[in-house]
Asks: 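Okay, here's the structure, questions in a sec.
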Number of protein chains: 2
Amino acid sequence: MANHPRSADKAGSKATIHEVAQRAKVSITTVSRAINSPSLVDPQTARRIWKAIDELSYYPDVHARSLVSGKSNILGLIVSDITNPFFPELVKGFEDAVVQHGYEVLVSSTNYDPERMALCVRRMLERQVEGVAVMTSEMQEHLVDQLVSRRVPTVFLDVGTPGAGISNIVVDYAHGINEAVQHLFALGHRKIGFISGPESLASAQTRRTAFLESMANHGLPQHAQWIRQGDHKVAGGVAAMNEMLALPDHPTAVMASNDLTAIGMMSAIRKAGLSVPGDISVVGFDDIWLAEFTEPPLTTVRFPRDQVAQQACLALMSDLTMRADASKPSEYRVETHLVVRDSTAAV
Amino acid sequence: MANHPRSADKAGSKATIHEVAQRAKVSITTVSRAINSPSLVDPQTARRIWKAIDELSYYPDVHARSLVSGKSNILGLIVSDITNPFFPELVKGFEDAVVQHGYEVLVSSTNYDPERMALCVRRMLERQVEGVAVMTSEMQEHLVDQLVSRRVPTVFLDVGTPGAGISNIVVDYAHGINEAVQHLFALGHRKIGFISGPESLASAQTRRTAFLESMANHGLPQHAQWIRQGDHKVAGGVAAMNEMLALPDHPTAVMASNDLTAIGMMSAIRKAGLSVPGDISVVGFDDIWLAEFTEPPLTTVRFPRDQVAQQACLALMSDLTMRADASKPSEYRVETHLVVRDSTAAV
DNA sequence: TCCGGCGATGGCAACGTTTTCATCAGGCTA
DNA sequence: TAGCCTGATGAAAACGTTGCCATCGCCGGA
């Protein structure tokens, strides 16, 4: 380590702009300018300064910077649970988009806990984030207020109504779900079931409604017994499917509100000695990474997480730059589409 | 929003400690004390202060705080790729452990890119993190130096040698791998193959070596054709397995360096018209979340990511508190263990 | 020759905290 | 009663930046 010049200098203690100035024989103001507005300083001088910066391996202290400028250069991202296979892609997409705009990201998980959600918001506020993307549904009124009253641009996923500094990304669940029903219909399925998500989750309700509507549009019967509730986890899919299989007459195809549920369903179907898609076709929702590698690979509706991430970033950036310009959309739409794999077949 | 008292006050601009002091009719010093060392202020006064804090919904500015104290209250975590199913659990575990100690976490992904790795380290340094957990292998000498010379406690996973402020978590790959070989041996397998990870990945090499050693210890032959290379992704597993299946005489069991590889293998085996575990037994490594839900559920060696995360946190905390105490272990061990599911059967 | 402007630089206040060093009133001990 | 400790408070100096307001040559136009 001793032979790396850059680290050899002031071991342990950070170099300050002061030391750089001293070494380059200029004032700290000039150093600051060389870094932030290079056009204002003489090229000769600038070179000297950069040399000093390099020799001291100096970098500005973000805290001091933020303190004086009031800007943190950070965008917050709140998700439910990084462990849920739905989110990592979203996080990554958001991160990539955000760094491209020169910002950094602070990620926080709520663990589906409203209390922890409050903590997340507080944390974001404390760190002076310049904008927040809330990609979870444990949102509560008063937390929104906290964000709003602090004038922090915020973008929600699928929740709430847009307004000043509040954007919303609305996902067109119905489109993909309709494609799915149509796909099953085309394969000859007439008896189609649905296993929904938790009652409390708004987006789960939306999916269920969209399914029912699409069924009606296709002139298909809605058998109450074939509409059951899961929990968006594997276990819920297993349980609901078992109930359905116990019915004297069960559907030939079942759609799930969520891929995890679909995976549980497939497991239950196999355990019952039936096959997918031979006996029952299965359609999921989300198209998590894993869907491609289940056996059989899962036909599912793709939730475009990358697009959502990008739009979220865009929405925030737009709020950040053209502040107080009310004429922008502030509502963004993304589509969902069916991805056909091998878990569906003709009846 | 107007009826939430807390948000109604100073909309838009943050309250400062000054305003709190003014409202509570004390000096800012006393306010600071009320917050940080409650024992030093009269209960009466404290009550007044907290009332003011509440009314203004004041919270301290972390930047100002960090600036003066030199402490950021943040621990960094560097991982390769949040999208890789191996990592989310690690991140979550670390986060949970760290917040329990009153710290916060800053996560950064390298995307396997050394350049971006440098950026990550820089970012951590800029933010004045008090410690860093490096859970990736794209580490380079000079980056370590940067950390070391800044006296930032660091903990590595499986890499490098411990030293002052440098801890290391060493994973006992051999133990679990040996259990796996033993398990296959007990099931009657004698022809056992292995598909390794990328050449460049140290931990992949370690796994391969451990496998070979265990084979030797069991007096089993090492057929060069049965040891092939993958890339720790699904595609690599498919390719390597196909090569193996094309052999005139293929193994009755194959172990993978990684679950993704094992999943690819299973897919290739099925495509070839053979069954798992009927024709070939498969063992993975890592025990990613998904392993439980493959078809058949994958027998694999569990990489204890939660333990690693906890130990990493512990190592950092210990470095942080008993600074300059050289007598601590600074090397932590975690075990790996076989998890038997349904992808292995008697020959 | 003088003045306005401009390019390059420096001085200094501010940002919101924590922290060290006083200050001050009581109450206790001697 | 003098001295001292103790508990409660304040004043002011940092912390490392940025940005405003000078300052200072120097050049070109009147």
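Numbered from 1 within each chain, the chains take letters A, B, ... in sequence-line order.
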Asks: Would you name the heavy atoms of B:R65 and B:P60 that are closest together and state the gap between them?
Replies: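 Smallest heavy-atom distance, with atoms named: NH2-CG, 3.0 Å.
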Asks: Is a salt bridge present between A:E55 and A:K51, judged by a nitrogen-to-oxygen distance below 4.0 Å?
Replies: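 Counted as a salt bridge, because a side-chain N and a carboxylate O are separated by less than 4.0 Å.
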Asks: Ignoring hydrogens and angles, tell me if any N or O in the side chain of B:N168 forms a donor-acceptor pair with the backbone of B:D158 under 3.5 Å.
Replies: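 Flag set: sc B:N168 to bb B:D158 pair under 3.5 Å.
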Asks: Please report, rounded to the nearest Å, how far the P atom of D:dC15 is from the CD atom of A:E19.
Replies: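 Atom CD in A:E19 sits about 11 Å away from atom P in D:dC15.
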Asks: What is the distance, rounded to the nearest whole Å, between atom NE2 of A:H18 and atom C1' of D:dT17?
Replies: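 So the NE2-C1' distance, A:H18 to D:dT17, works out to 11 Å.
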Asks: Show me the side-chain donor-acceptor pairs of residues 117-125 of chain A shorter than 3.5 Å, one per line, residues at least two apart or across chains.
Replies:
| unit_1 | atom_1 | unit_2 | atom_2 | d |
| --- | --- | --- | --- | --- |
| A:R122 | NE | A:E126 | OE2 | 2.9 |
| A:R123 | NE | B:E104 | OE1 | 3.2 |
| A:R123 | NH1 | A:S108 | OG | 2.9 |
| A:R123 | NH2 | B:V105 | O | 3.3 |

Asks: Please round to the nearest 0.5 Å and tell me the distance separating atom CG of A:L77 and atom OG of A:S109.
Replies: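 Interatomic distance, A:L77 CG to A:S109 OG, rounded to 0.5 Å: 8.5 Å.
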Asks: Ring pair (Phe, Tyr, Trp, His ring centres under 6.0 Å): which pairs involve residues 14-71 of chain A, sequence neighbours left out?
Replies: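 Only A:H63-B:H63 qualify under ring pair (Phe, Tyr, Trp, His ring centres under 6.0 Å).
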Asks: Taking the nucleotide of DNA chain D with the closest heavy atom to each, which residue, B:R48 or A:N36, is nearer the 5' end?
Replies: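 Nearest nucleotide further toward 5': that of B:R48.
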Asks: How does protein contact run along nucleotides 4-16 of chain C, one letter per nucleotide 5' to 3', with B for base contact, S for sugar-phosphate only, - for none, heavy atoms under 4.0 Å?
Replies: ----SBBBB--BB
Asks: In whole angstrom, what separates B:Q128's CD from C:dT17's C1'?
Replies: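 So the two atoms are 15 Å apart, to the nearest Å.
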Asks: Measure the distance from CD1 on A:I53 to P on D:dG16 and round it to the nearest whole Å.
Replies: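 Value for this atom pair: 16 Å.
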